[in-house]
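These notes are about the structure you will find just below.
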Amino acid sequence: MSTPNPRIDDLEKAAHGTGDIHSVPVRHPGQAVAGALIVVALGALIWSVITNDNIRWEIVFENLTGATILRGLGTTLLLTAIAMLIGLTLGVLLAIARLSKNRVMQTVSSGYIWLFRGTPLLVQLLLWFNLALFFPRLGFGELSVDTNVIITAFGAAILGLGLNEGAYMAEIVRGGIQSVNRGQIEAAAALGMRQRHVTWRIVLPQAMRVIIPPIGNNLITMLKMTSLVSVIAVPDLLNRAQAISAKNFYVFEMLIVATVWYLLMTTIFTIIQMQLEKRFDRGFSTTSPRVGKRLAKNLRPGRVTNTELLQVVQEKSKE
Amino acid sequence: MTNELSPQYANELPMVVAKNVHKSFGHNEVLKGIDMEVPRGSVVSLLGASGSGKSTFLRCINSLEKIDGGRIWIDGELVGYKEKNGKLHDMTEAEITKQRIRTGMVFQQFNLFAHMTVLENIIEAPINVLGRTRKEAITRARELLERVGLASHHGHYPMQLSGGQQQRVAIARALAMDPEIMLFDEPTSALDPELVGEVLDVMRGLADSGMTMIVVTHEIGFAREVCDQVAFLHDGQVVEQGKPVDVIGNPQHERTQSFLSKVL
Ligand SMILES: Nc1ncnc2c1ncn2[C@@H]1O[C@H](COP(=O)(O)OP(=O)(O)OP(=O)(O)O)[C@@H](O)[C@H]1O
Ligand SMILES: [Mg+2]
């Protein structure tokens with residue numbers, strides 16, 4: 001080395017009385033340029049849509065909160081909720097079956113997942129919708145009913161979306177369950193807890209932490225996938241928007257109406273998802289609930305810094 | 001071999017009796033005929049090299065592993081199997097869990113439930129397995145936390161505790177089930193050296209209170225001071241068992257000698 005080694009006194013001198021560090025952050029010029037380009041391109045696109053004389057914005061605004069569209073939106077949300085509930089329930093059961101020691105349950109679960117993930121959702125929806133063509137009656141002999149009574153368009157939509165979701169959810173839940181530390185499961189068993197109790201009280205709550213983010217993603221995907229049911233004449237958001245444009249011929253305007261609602265809903269769901277993720281992080285971040293609350297409070301006007309937070313945690317652990 | 005215990009135990013039946021215990025994982029025979037007796041209220045430490053089968057034997061005692069030869073009795077009750085008309089039948093899950101309540105186990109990695117606070121960790125099994133009321137369970141949990149020196153930590157999550165504190169909570173959690181025997185599998189091996197003492201102190205207190213304990217440990221000092229007996233395992237068999245002064249102070253078996261020369 002050409003420069004002489006600094007002596008420890010020099011270092012001490014250099015560090016003395018320097019106070020807080022105000023360093024110059026590393027700049028990322030590439031990012032700034034790319035960002036600017038994207039903003040310009042996006043602005044131009046939006047501008048061209050807004051100023052396009054062919055688009056009748058009053059039609060968009062008129063229909064955005066119109067009764068027909070709102071009813072369609074309600075149907076979309078209802079479909080999403082029911083299909084997700086069915087999917088989640090099925091997913092948990094299928095995952096538990098898949099991971100059980102019972103060969104029969106394992107096989108049934110794998111077969112189900114193979115079948116429903118291996119075929120397009122649209123095809124499944126059409127199959128359920130047309131079930132009556134091949135199975136005019138469901139049940140046995142006296143105990144049978146007309147298929148069309150059970151499988152309405154809405155029923156077919158629920159079945160198609162829910163059963164399909166179950167297969168995807170099963171894989172998510174399985175991953176979550178497998179992520180839970182085996183030692184805790186053994187500890188629970190050693191405490192005399194039954195398998196079922198261990199699953200519901202120890203494994204699933206912790207699996208949740210891993211499961212929630214992908215479930216949130218699936219929920220958002222589901223909200224968008226429900227638009228497929230418009231092909232089997234379920235009066236969802238897209239179907240209603242199209243029904244209106246079939247009468248007034250403002251096709252593009254009505255699609256914008258649907259787009260605005262879908263975007264709004266996915267945005268709201270994303271925010272809820274973020275809240276849930278925080279909730280299920282309990283016990284996995286080093287901040288206690290009290291600190292968490294304090295943090296939330298402090299986040300509003302002036303933010304609590306990481307060092308302050310660390311101090312709180314350290315104080316608590318000293319107690 | 002007979003399933004009747006010999007008459008010599010008629011007066012003072014040992015808490016744990018293992019006879020010719022065998023256990024294989026696939027083709028790997030890990031336990032090759034373990035014989036051991038753990039008298040009521042005594043503390044026995046298991047020593048042995050890595051892979052000698054210490055953990056496996058401990059796990060057989062509370063049916064975390066199923067033995068495939070020999071017998072284990074806890075307080076005269078056959079472990080993992082029941083006998084009907086001279087034939088052994090596997091126990092059902094319900095029977096096994098009922099039997100497990102009699103033994104408490106403490107693991108090397110603590111294994112606290114990460115999503116529950118210290119208090120929740122301790123009251124979970126008493127409420128849901130023993131059917132205690134929440135209030136009873138909490139009262140008892142607080143006593144136990146006091147006993148392990150963590151009374152003020154009931155609201156903490158495991159992640160917020162040091163390893164030594166977590167292990168003491170794990171001990172309290174096991175004690176909350178009022179076990180008759182405590183099994184410890186290297187309870188201090190995952191701890192920083194300065195935290196080992198606090199856990200050993202709790203265990204020493206427990207031994208003094210008359211708890212029957214089987215302790216797998218590499219803490220020779222603890223084995224010498226606290227344990228009534230030391231058993232040395234080698235390759236799935238107990239090659240030497242006796243008082244600490246004899247086994248540690250004057251080992252007879254060549255394997256024991258070479259093991260001790262390495263750890264002492
Ligand atoms: N679940 C299992 N499946 C297959 N092999 C196993 C299993 N558990 C233990 N073994 C094997 O059994 C042998 C004994 O393991 P065990 O954990 O009982 O040893 P140990 O004496 O506790 O060792 P250590 O001091 O390293 O903890 C090892 O060879 C191990 O690989
Ligand atoms: Mg071991």
Side-chain angles (χ1 to χ4, degrees), chain A residues 100-102 176-177 179-212 276-295 309-319, chain B residues 55 58-59 61-65 92-94 96-118 120-122 124-130 150-162 165 170 173-179 182-183 185 190:
Chain A
S100 80
K101 294 189 187 90
N102 185 326
I177 289 177
S179 77
V180 177
N181 174 296
R182 274 223 53 88
Q184 288 179 42
I185 299 170
E186 292 211 318
L191 285 166
M193 292 186 203
R194 302 283 295 269
Q195 182 76 50
R196 180 182 304 218
H197 183 181
V198 177
T199 302
W200 289 99
R201 294 283 304 172
I202 309 299
V203 177
L204 286 179
Q206 294 190 69
M208 276 301 194
R209 196 175 67 94
V210 178
I211 292 172
I212 289 274
L276 275 177
E277 278 174 33
K278 273 192 216 144
R279 164 97 171 62
F280 279 98
D281 230 19
R282 252 186 338 178
F284 288 92
S285 55
T286 35
T287 53
S288 77
R290 228 158 70 209
V291 180
K293 260 183 216 149
R294 188 158 157 186
L295 178 64
L309 196 62
L310 206 65
Q311 277 164 4
V312 178
V313 176
Q314 279 165 352
E315 272 164 35
K316 285 189 67 75
S317 60
K318 269 191 215 125
E319 275 172 20
Chain B
S55 300
L58 220 52
R59 294 160 57 81
I61 297 175
N62 69 354
S63 294
L64 282 179
E65 304 289 354
T92 63
E93 195 208 356
I96 286 178
T97 49
K98 190 154 169 261
Q99 198 170 51
R100 275 196 189 127
I101 295 170
R102 309 182 68 173
T103 62
M105 186 151 184
V106 174
F107 301 83
Q108 184 175 350
Q109 299 297 337
F110 330 132
N111 295 342
L112 293 180
F113 307 135
H115 61 307
M116 295 183 178
T117 63
V118 164
E120 287 166 349
N121 260 278
I122 300 177
E124 178 68 23
I127 292 175
N128 291 297
V129 177
L130 299 180
L150 290 169
S152 62
H153 290 67
H154 58 88
H156 285 57
Y157 284 96
M159 272 270 294
Q160 299 169 307
L161 302 177
S162 73
Q165 292 171 327
R173 177 176 70 176
L175 291 176
M177 299 298 285
D178 294 325
M182 284 286 284
L183 310 174
D185 192 356

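Throughout, protein chains are lettered first and strands after them, A, B, ... in sequence-line order, and every chain is numbered starting at 1.
- In this structure, the portion of B:R59 lying under 4.5 Å from any heavy atom of chain A is its side chain and not its backbone.
- Of the residues considered (B:L64, B:L112, B:T117, B:I101), B:L112 shows the highest number of contacts with chain A, using heavy-atom pairs under 4.5 Å.
- Taking CZ of A:R201 as the reference point, atom NE2 of B:H115 lies at 6.5 Å (rounded to 0.5 Å).
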Item to check | Trace of the side-chain contact (heavy atoms from CB on, under 4.5 Å) decision for B:M177 with A:L191 | outcome: CA-CA 7 Å; B:M177 299 298 285; A:L191 285 166; 3.8 Å; yes
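- If you tally non-hydrogen atom pairs under 4.5 Å between each of A:P205, A:A188, A:A189 and chain B, the highest count goes to A:A189.
- Chain A forms more heavy-atom pairs under 4.5 Å with one residue of B:K98, B:Q108, B:Q99, B:R173 than with any other, namely B:R173.
- Panel note: side chain B:E93, backbone A:Q195; a donor-acceptor pair is recorded below 3.5 Å.
- Of the atoms belonging to B:A176, not a single heavy atom falls under 4.5 Å from chain A.
- To the nearest 0.5 Å, atom CG of residue A:N181 and atom CD of residue B:Q109 are 8.5 Å apart.
- Of all non-hydrogen atoms in B:R100 and A:G192, the two that sit nearest each other are CB-CA, 4.4 Å.
- With a 4.5 Å cut-off on non-hydrogen atoms, B:N62 touches chain A through its side chain but not through its backbone.
- If you measure heavy-atom distances from B:F107 to chain A, the contacts under 4.5 Å come from the side chain alone.
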Next on the checklist: Apply side-chain contact (heavy atoms from CB on, under 4.5 Å) to residues A:Q184 and B:M116 and explain how you reach the verdict.
Outcome noted: CA-CA 12 Å; A:Q184 288 179 42; B:M116 295 183 178; over 6 Å; no
